[in-house]
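Report on one structure; see the data block that follows.
Computed from a predicted model, the values in this text were never measured in an experiment. Any value given below was found using the heavy atoms of this structure, including those in side chains, with hydrogens, waters and symmetry copies removed.
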Amino acid sequence: MGSGRASAYGKTRVCPHCKSTILESASICPACKHHLRFDPKAVAEQRAKATFSALRVEGGFRHPAEGEPWEYSIVISVRNDRGEEVERKVVGVGALNVNEGRTVTLSVDVYKPPEK
């Protein structure tokens with residue numbers, strides 16, 4: 001028989017600062033970097049827990065030296081083990097004029113939630 005704790009993992013809430021959906025266990029919002037808990041122990045635990053980046057991809061694109069402006073959309077898609085899309089978000093849109101560029105970085109951070 002399980003302890004029931006596994007079901008608590010992955011729970012989400014909304015950051016009161018930037019309104020991003022984040023993990024309920026987060027002490028610091030990964031989107032806006034605001035501190036969400038003012039308990040010094042919780043913040044220290046957040047910084048001390050072992051984390052690693054399971055994936056980090058960075059790439060760039062640049063408009064050539066001539067032509068009309070370009071528009072772009074940055075889309076993130078998450079699929080489960082069966083290949084089914086479980087989430088899809090547009091995380092940024094914009095336009096590039098001649099000789100403008102953008103760099104996009106995607107990272108997936110993995111960590112152990114704090115003990116309850």
Side-chain angles (χ1 to χ4, degrees):
M1 179 183 273
S3 66
R5 291 179 60 207
S7 64
Y9 294 131
K11 279 189 166 182
T12 61
R13 63 181 168 143
V14 175
C15 172
H17 304 283
C18 70
K19 307 302 183 219
S20 293
T21 300
I22 61 171
L23 288 170
E24 193 173 88
S25 62
S27 296
I28 299 169
C29 175
C32 69
K33 307 287 189 198
H34 275 94
H35 289 259
L36 304 169
R37 296 186 186 149
F38 296 102
D39 175 9
K41 182 181 175 195
V43 173
E45 285 175 6
Q46 179 75 14
R47 289 184 183 146
K49 68 179 150 181
T51 64
F52 67 94
S53 184
L55 173 69
R56 181 176 165 81
V57 179
E58 185 171 288
F61 53 101
R62 176 167 286 286
H63 191 293
E66 56 193 46
E68 296 295 317
W70 289 351
E71 293 183 323
Y72 65 89
S73 297
I74 301 168
V75 180
I76 304 280
S77 174
V78 179
R79 294 181 182 276
N80 64 18
D81 288 338
R82 295 182 302 275
E84 301 162 336
E85 192 171 74
V86 294
E87 185 139 16
R88 182 180 184 87
K89 298 236 182 207
V90 175
V91 296
V93 297
L96 293 176
N97 292 311
V98 171
N99 286 327
E100 284 187 324
R102 300 289 184 271
T103 300
V104 177
T105 303
L106 165 71
S107 67
V108 177
D109 298 325
V110 179
Y111 57 92
K112 182 180 175 186
E115 300 277 329
K116 292 190 178 197

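- For Arg79, the side-chain hydrogen bond (donor to acceptor under 3.5 Å, both in side chains) test picks out no residue, with sequence neighbours left out.
- Connection of Val91 to Leu106 is established within a shared hydrophobic cluster, with ILVMFWY side chains joined at heavy-atom distances below 4.5 Å, either directly or through further cluster members.
- For Glu68, there are no side-chain hydrogen bond (donor to acceptor under 3.5 Å, both in side chains) partners at least two apart in sequence or on another chain.
- The list of salt bridge (Lys or Arg N to Asp or Glu O under 4.0 Å) pairs with a residue in residues 94-110, not counting sequence neighbours, is empty.
- Under a hydrophobic-cluster definition in which Ile, Leu, Val, Met, Phe, Trp and Tyr are linked whenever side-chain heavy atoms come within less than 4.5 Å, directly or via other members, Val104 and Leu96 are assigned to the same cluster.
- For residues 68-102, the set of pairs meeting the ring-ring contact (aromatic ring centres under 6.0 Å, His included) definition, not counting sequence neighbours, comprises Phe61-Tyr72, His63-Trp70.
- The two residues Ile22 and Cys29 come nearest to each other via the heavy atoms CG2-SG, 3.9 Å.
- When all heavy atoms of Gly101 and Arg62 are compared, the pair lying nearest together is N-NH1, 3.7 Å.
- In this structure, Glu66 and Val98 have side chains that are not in contact, with every pair of non-hydrogen atoms separated by 4.5 Å or more.
- By the side-chain hydrogen bond (donor to acceptor under 3.5 Å, both in side chains) test, Glu85 pairs with Ser77, Arg88, sequence neighbours left out.
- Environment of CD in Glu58: crowded, with over 12 heavy atoms of neighbouring residues, nucleotides or ligands closer than 6.0 Å.
- One finds the NE2 atom of His17 at 13.5 Å from the NZ atom of Lys33 (value rounded to the nearest 0.5 Å).
- In this structure, Val93 shares a hydrophobic cluster with Val75, Val90, the cluster being traced through Ile, Leu, Val, Met, Phe, Trp and Tyr side chains under 4.5 angstrom apart.
- A continuous path of hydrophobic side-chain contacts links Val108 to Ile74 [ILVMFWY only; heavy atoms under 4.5 Å].
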